[in-house]
J.: 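Below is the structure I would like to discuss, written out as structure tokens.
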Amino acid sequence: MDTIKFLIPGKPEYLTMVRLAISSIAATAGFDVEAVDDLKNAVSEACKNVSCHGFEGFSEHYEVDVDVDPGSISITVRDACSEHSLKKVAAPCRQCPQEGDLGVFVIESLVNDVKFSKDPMGHKTITMVKRV
């Protein structure tokens, strides 16, 4: 198994970088173009969900962990900040957090398995598994 870890600033402008990295990792792992696109979209929704939805500000940062096994990829997006203090100058969604509910549906439709959790401190974690 190969593991790749990212610590991402919570600013929405870094979301494109995360999507590109996930795309590269999935393609390298042997996923076809459609599966790569599914993963990019699922991760994008997960990042918005943990760093933005339901909070007054963006996360200071969040983590993305990718585990690549033969035939599958597991991606965990985790809110790793002590507070959501980055001001929302331009929200990545129009009706936050209502669009988070749609994002959950999108994630569930694009990956094989998904687990949503929240720790006692209120930090969200989304783990997604996609199989070839």
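Positions are given from 1, in the same order as the sequence printed here.
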J.: Dump the intermediate steps for side-chain contact (heavy atoms from CB on, under 4.5 Å) on His123 and Val50, then the final yes or no.
T.: CA-CA 8 Å; His123 296 108; Val50 302; over 6 Å; no
J.: Working to the nearest 0.5 angstrom, can you tell me the gap between Arg131 CZ and Asp69 CG?
T.: 11.5 Å
J.: Calculate, to the nearest 0.5 Å, the distance between atoms CG and CD1 belonging to Leu110 and Ile107 respectively.
T.: 8.5 Å
J.: Apply side-chain contact (heavy atoms from CB on, under 4.5 Å) to the pair Asp119 and Thr125, showing each step before the final yes or no.
T.: CA-CA 8 Å; Asp119 72 14; Thr125 300; over 6 Å; no
J.: Just do the side-chain contact (heavy atoms from CB on, under 4.5 Å) check on Val129 and Lys115 with the steps written out, would you?
T.: CA-CA 9 Å; Val129 176; Lys115 179 182 175 189; over 6 Å; no
J.: Report yes or no: do Leu20 and Phe6 belong to one cluster of Ile/Leu/Val/Met/Phe/Trp/Tyr joined by side chain heavy-atom distances under 4.5 Å?
T.: no
J.: Keeping Lys130 on the side-chain end and Leu39 on the backbone end, is there a donor-acceptor pair under 3.5 Å?
T.: no
J.: How close do Pro9 and Tyr62 get, counting heavy atoms only, and between which atoms?
T.: O-CE2, 3.9 Å
J.: Using the side chain to side chain contact (heavy atoms under 4.5 Å, CB included) rule, pick out the option among Val18, Val33, Val36 that qualifies with Ser23.
T.: Val36
J.: Considering only heavy atoms from C-beta outward, does the side chain of Val64 approach that of Cys47 to under 4.5 Å?
T.: yes
J.: Is there side-chain contact between Val77 and Met128, with at least one heavy-atom pair below 4.5 Å?
T.: yes
J.: How many angstroms lie between atom CG of Asp113 and atom OG1 of Thr127, to the nearest 0.5 angstrom?
T.: 10.5 Å
J.: Take Val111 and Ile75 through the test side-chain contact (heavy atoms from CB on, under 4.5 Å) and record every step on the way to the result.
T.: CA-CA 10 Å; Val111 298; Ile75 303 169; over 6 Å; no
J.: Indicate yes or no: at least one non-hydrogen side-chain atom of Ile73 is less than 4.5 angstrom from one of Phe31.
T.: yes
J.: Looking at OG1 of Thr3 and CE of Met1, how far apart are the two atoms once the value is rounded to the nearest 0.5 Å?
T.: 4.5 Å
J.: When rounded to the nearest 0.5 angstrom, what is the spacing between OG in Ser109 and CG in Asp38?
T.: 8.0 Å
J.: For Glu34, does the CD atom sit with more than 12 other heavy atoms under 6.0 Å from it, leaving out its own atoms?
T.: no
J.: Could you see if Ile25 belongs to whatever hydrophobic cluster contains Val132? Use Ile, Leu, Val, Met, Phe, Trp, Tyr and a side-chain cutoff under 4.5 Å.
T.: yes
J.: Could you check whether any side-chain heavy atom of Glu108 comes within less than 4.5 Å of a side-chain heavy atom of Phe116, counting everything from C-beta outward?
T.: yes
J.: Looking at residues at least two apart in the chain, or sitting in another chain, which of them share a salt bridge (charged side-chain N to carboxylate O under 4.0 Å, His left out) with Asp37?
T.: Lys40
J.: Under a 4.0 Å threshold between the charged nitrogen and the carboxylate oxygen, would Asp79 count as salt-bridged to Lys118?
T.: no
J.: Looking at Tyr14, I want to see if its OH is surrounded by more than 12 non-hydrogen atoms of other residues, nucleotides or ligands under 6.0 Å.
T.: no
J.: Mind checking the CD1-CZ spacing from Ile126 to Arg78? Nearest 0.5 Å is all I need.
T.: 11.5 Å
